Every structure is written in C-alpha cells, then in structure tokens.
2 protein chains.
Amino acid sequence: MTTRTATAGVTDSGGRPVPRRLLAAATRLFAERGYDRTSVQEIVEAAGVTKGALYHYFGSKDDLLHEVYGRVLRLQQERLDGFAGADAPVEQRLRAAAADVVVTTIENLDDTKIFFRSMHHLGPEKCKQVRAERRRYHERFRALVEEGQRTGVFSSATPADLVVDYHFGSVHHLGSWYRPDGALTPRQVADHLADLLMRALRP
Amino acid sequence: MTTRTATAGVTDSGGRPVPRRLLAAATRLFAERGYDRTSVQEIVEAAGVTKGALYHYFGSKDDLLHEVYGRVLRLQQERLDGFAGADAPVEQRLRAAAADVVVTTIENLDDTKIFFRSMHHLGPEKCKQVRAERRRYHERFRALVEEGQRTGVFSSATPADLVVDYHFGSVHHLGSWYRPDGALTPRQVADHLADLLMRALRP
DNA sequence: CACGACATACCGACCGGTTAGTCTGCGCGG
DNA sequence: CCGCGCAGACTAACCGGTCGGTATGTCGTG
C-alpha cells in the first residue's frame, strides 16, 4: 500500500493531502514572484487542483500567507526557547541560538523570504498578530543579551535592543544573498554570523 | 512675482514642478503600501494631477520605481566613494563609511524601504542594471574590509563578503524597526552599528 | 508688433485584460 | 442517498496604459 493517511479522498495523485500541496505551492510561488504577483489561479494549477479546493480549505489568499508565517514563526520560537532555556553559560546559549536561527532560516529560505518581503500584505488584524509573535521572539533573544551584559560577560557599550536588531538584520537579509548552490553550507554561514555577533559583544 | 522658474506651466498650485511631486507622492505611497498595492490613480491623486501628466513624464509605473532607486543608489555610491578614498587609516575610513550608510539610509528611509522590498517588481532589464550598481557598491565596501584584513588591523576570521553582508543586513533592516520619533537619533544609531562592526572586526 | 506654425503640459474618458472570490453542481465513499 | 471534497464557469471590480483633445506658451517671419 502507498503512504496515505486513513482519511482517503483528501489525497489524490500527488500522494500528499491537498491542503499541504496548496500551502507548498503557494510558498514556492510567493517566494519566487512575491505575493501580489502570484494569482490564486497559478497556485491551484501548481498544486494540481482548482479554486474550489483552495477556498474549501482556506478563507482567502491572505490566509495562505498567514499560514506560512505561522509555521515558520512557531518553529523558530520553539527552537529559541529550547536554546535559551538550556543549562549552560549565557554566552554559549546566545551563540547557539544565534547560529540556530541562521540555520533554520536558510533551511526554510522560501518561508522567510516571504515573511520579510510580504508582511505588509496582511490585513491589519493578522498583521498585528504576527507582529506580536515576532515581538515575543525578539524579546526572548534580547533577554539573553541583557543577561550577559548584566553578568559582565558581554560588553554593555551597545543597547541590547540594537544588538538584536543588528543580528536579525543579517538573518532577515539572508534571503537576498544566500544561494544554496554557493560555497558555504548553512552551518558554516551560521557559525560565521554567530562568531561576528559574539566578537562584537566581547567586553 | 512669486517664486517660479522661467519655464512656467511646469508648476502650479503646489509650487513644485509636477515630475517632482509625482515622484514624491509615489515614494511615499510605495513605502507605505508597497508597489503593487499602490495604483497609479492613487499616485496622481496624491500629486494633484491626472494620469495624463504621469505618462507625459514617465514611461511606465516601473519607471517611477526605477527613478527612486536611481536617486538613492547614486547618493550612496557617491558618499561611499568619498569616504573610501579619503586619506586616513583604513579603520577610520571603514568606520566612517559604515556609519554614513546608516545615516543616509535613515534620512531616506522611504526610498530604502522601497528599495529592499520592491526590487523584484522591476522588469528584468532594469533589475539587472540595479543589481549591477548595487554590486559595485558592495564590492567597494568589501575592498575596505579586505584591505584592513591584509594589513592586519582587522581579524581575518570571517570572509570579507560575509562581513559586508552582515553589516548591510542590519542597514537593510533599518526600515523595519527604526522609528523617527524614537529615542535614538540617526547619528546615534549609526555610531552604535558602526561600533558593532568595528568590534566584530577587532583582531 | 501681428500672426500663423509648432511645441509643451496636461486632462479625462476609455479599453483590454486580470483578479480575488462565489456559486452551482457533480462524483463517490459510507 | 446523503454529504464531503472538489470542479469550473462566472462576476464585479479594478488595473495599467492609451488616446484624442485643449490650453498655454514660444518662436520665426514680415
């Protein structure tokens, strides 16, 4: 038997459930051409279904985007919490978290490209929700920097807020220059960027 | 008589020439709502003219965007060349350049927001031209880092390319978090970010 | 200075094409 | 035979761009 869930009918020739196929197609196309330049017609064609299917599972085109955001946001928050709450010196926790966000960003480069480029296409309500989650993430990261600054292992020359924005800026920017077929692996890039952050924070 | 250039007819109630008004309106609206979400009708209404006027001065909606890019690109390249070619130790030249790009980015925040968010809306030809200019800028900056690494005043732990992308990432990101009514002046932000770069480059 | 020829600056109605979203109905598993 | 999951035609709105027309100069010439 093929790999297929118990609820048949929700899958077909593609082998994967229709909602996932739609989300995957939308993610790829949004990352390639941007949200506005991608029509729902193109999405449903890429997923091998029709508009009826899309609007059966999603309320609107916005919903598709919001779903993409939700996935990557939840993933990164979860991982950050894991690293931040570990039992290790603060400089190791920050370094691990700073490197990990780079790796997961590169591994989900399509999602994150969309995230940073199309945020303003969301309706005001969903936009606020996303901003709030993003803010939580930011603050968790900042708390790590502040902890290191309080205990003296990091320099306090720069406000922690700015340090975090500095690092996330480079993460945000990855979609603009990182090429999977380039010379550096995600891990190597992550190590370099984390190094830069830690070196900037040396007392 | 009022302050009005010799070639009357090109100005009216606004007092400023129509092409400038169109460009200013387009810049503001593109930065606020994005390129695709701004209709040419909205642009001409904000500028107090009609579509006839817009297509009299500009070939297409793309042209408007390209013009915005050209302005900020020329400005920043010019300033970078000035700082890079100065007669001073390389660490002072890099620091000055790194801080200056932050200041000019903040001072033209609308333009740079558009730049990084809407680049992919340009046609392939204009897109290549913009990318080429951007690349020149990037390489000029990288040369400074490499010079410092060669002469031993900067650490060579991280490839110069990555260092430049790291810094430009934070610059790129400014439009997402810097608020003109915030606590920090552009100059203060620039000093902090340049500090972070220089500290990361310490041997 | 008078006057016709031409140029510039702009208006606003209009058009072909595209879009997100809706609605009706069909096939099939239970 | 019911209803879930989906097909696909349809629509109303909107968009970028075009075009004929007009008002206001400017300039060459006699």
Side-chain angles (χ1 to χ4, degrees), chain A residues 1-2 4-26 29-30 33-68 118 120-123 126, chain B residues 1-2 4-26 29-30 33-68 118 120-126:
Chain A
M1 75 177 67
T2 60
R4 139 173 329 208
T5 52
T7 57
V10 82
T11 70
D12 78 343
S13 62
R16 284 161 61 209
V18 171
R20 286 193 86 79
R21 292 220 314 273
L22 281 165
L23 217 48
L29 289 169
F30 287 166
R33 306 212 257 276
Y35 178 79
D36 279 312
R37 313 286 268 222
T38 304
S39 68
V40 306
Q41 193 59 42
E42 290 173 315
I43 296 170
V44 298
E45 275 168 17
V49 293
T50 61
K51 292 219 274 189
L54 195 155
Y55 283 97
H56 179 71
Y57 290 109
F58 299 93
S60 66
K61 196 184 171 189
D62 273 31
D63 265 13
L64 234 31
L65 192 58
H66 189 240
E67 212 59 46
V68 174
S118 310
H120 57 295
H121 292 314
L122 251 52
K126 286 174 190 159
Chain B
M1 79 175 62
T2 61
R4 139 173 326 208
T5 53
T7 58
V10 82
T11 70
D12 77 342
S13 60
R16 283 160 63 208
V18 170
R20 286 194 87 79
R21 293 219 313 271
L22 281 165
L23 217 49
L29 289 169
F30 287 165
R33 305 211 257 277
Y35 178 79
D36 278 315
R37 313 286 268 220
T38 305
S39 69
V40 306
Q41 194 58 45
E42 290 173 316
I43 296 171
V44 298
E45 275 169 17
V49 293
T50 62
K51 290 218 273 189
L54 194 155
Y55 284 97
H56 178 71
Y57 290 108
F58 300 93
S60 66
K61 196 184 171 189
D62 274 30
D63 267 12
L64 236 31
L65 192 58
H66 190 240
E67 210 58 46
V68 174
S118 308
H120 56 293
H121 293 314
L122 250 53
E125 183 196 348
K126 287 174 191 159

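Numbers restart at 1 for each chain; the letters A, B, ... are given by sequence-line order, proteins then strands. Please read these numbers as outputs of a predicted model, since none were measured by experiment.
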(request) State, with a plain yes or no, whether a side-chain heavy atom of B:Arg33 is found less than 4.5 Å away from one of A:His120. (result) no
Rounded to whole angstroms, how far apart are [atom1] on [X] and [atom2] on [N]?
X	N	atom1	atom2	result
A:Leu29	C:dT19	CG	C1'	16 Å
A:Leu65	C:dG21	CG	P	12 Å
A:Phe58	D:dG5	CZ	C1'	14 Å
B:Asp62	D:dC15	CG	C1'	14 Å
B:Tyr57	D:dG17	OH	C1'	18 Å
B:His121	D:dG16	NE2	P	12 Å
B:Asp63	D:dG16	CG	P	14 Å
A:Leu54	C:dT22	CG	P	12 Å

(message) Please tell me if A:His56 has a side-chain N or O lying less than 4.0 Å from either OP1 or OP2 of D:dG5.
(response) yes
(message) Can you see if the side chain of B:Lys61 gets near the phosphate of D:dG16 - specifically, an N or O under 4.0 Å from OP1 or OP2?
(response) yes
(message) Any side-chain to backbone donor/acceptor pair from A:Tyr35 onto A:Asp62? Under 3.5 Å, distance only.
(response) yes
(message) Please pick, from C:dC11, C:dA20, D:dG16, the nucleotide with the shortest atom-to-atom distance to any side-chain atom of A:Ser39.
(response) C:dA20
(request) Between D:dT18, C:dC11, C:dT22, spot the one nearest the side chain of A:Tyr55, thanks. (result) C:dT22
(message) Before you tell me yes or no, could you show the steps for A:Leu54 and A:Lys61 under side chain to side chain contact (heavy atoms under 4.5 Å, CB included), namely the whole-Å CA-CA distance, both residues' side-chain angles and the distance that decides it to 0.1 Å?
(response) CA-CA 9 Å; A:Leu54 195 155; A:Lys61 196 184 171 189; over 6 Å; no
(message) Whether the side chain of B:Lys51 and the base of D:dG16 hold a donor-acceptor pair under 3.5 Å is what I'd like checked.
(response) yes
(message) Taking atom CZ as the centre, does A:Arg20 end up with more than 12 heavy-atom neighbours from other residues, nucleotides or ligands that are less than 6.0 angstrom away?
(response) no
(message) Restricting to non-hydrogen atoms, name the atom on A:Val49 and the atom on A:Arg21 that form the minimum distance, rounded to 0.1 Å.
(response) CG1-NH2, 3.8 Å
(message) Here's a test of your reading of the structure: between A:Gly52 and A:Gln41, which maps to the more 5' nucleotide of DNA chain C?
(response) A:Gln41
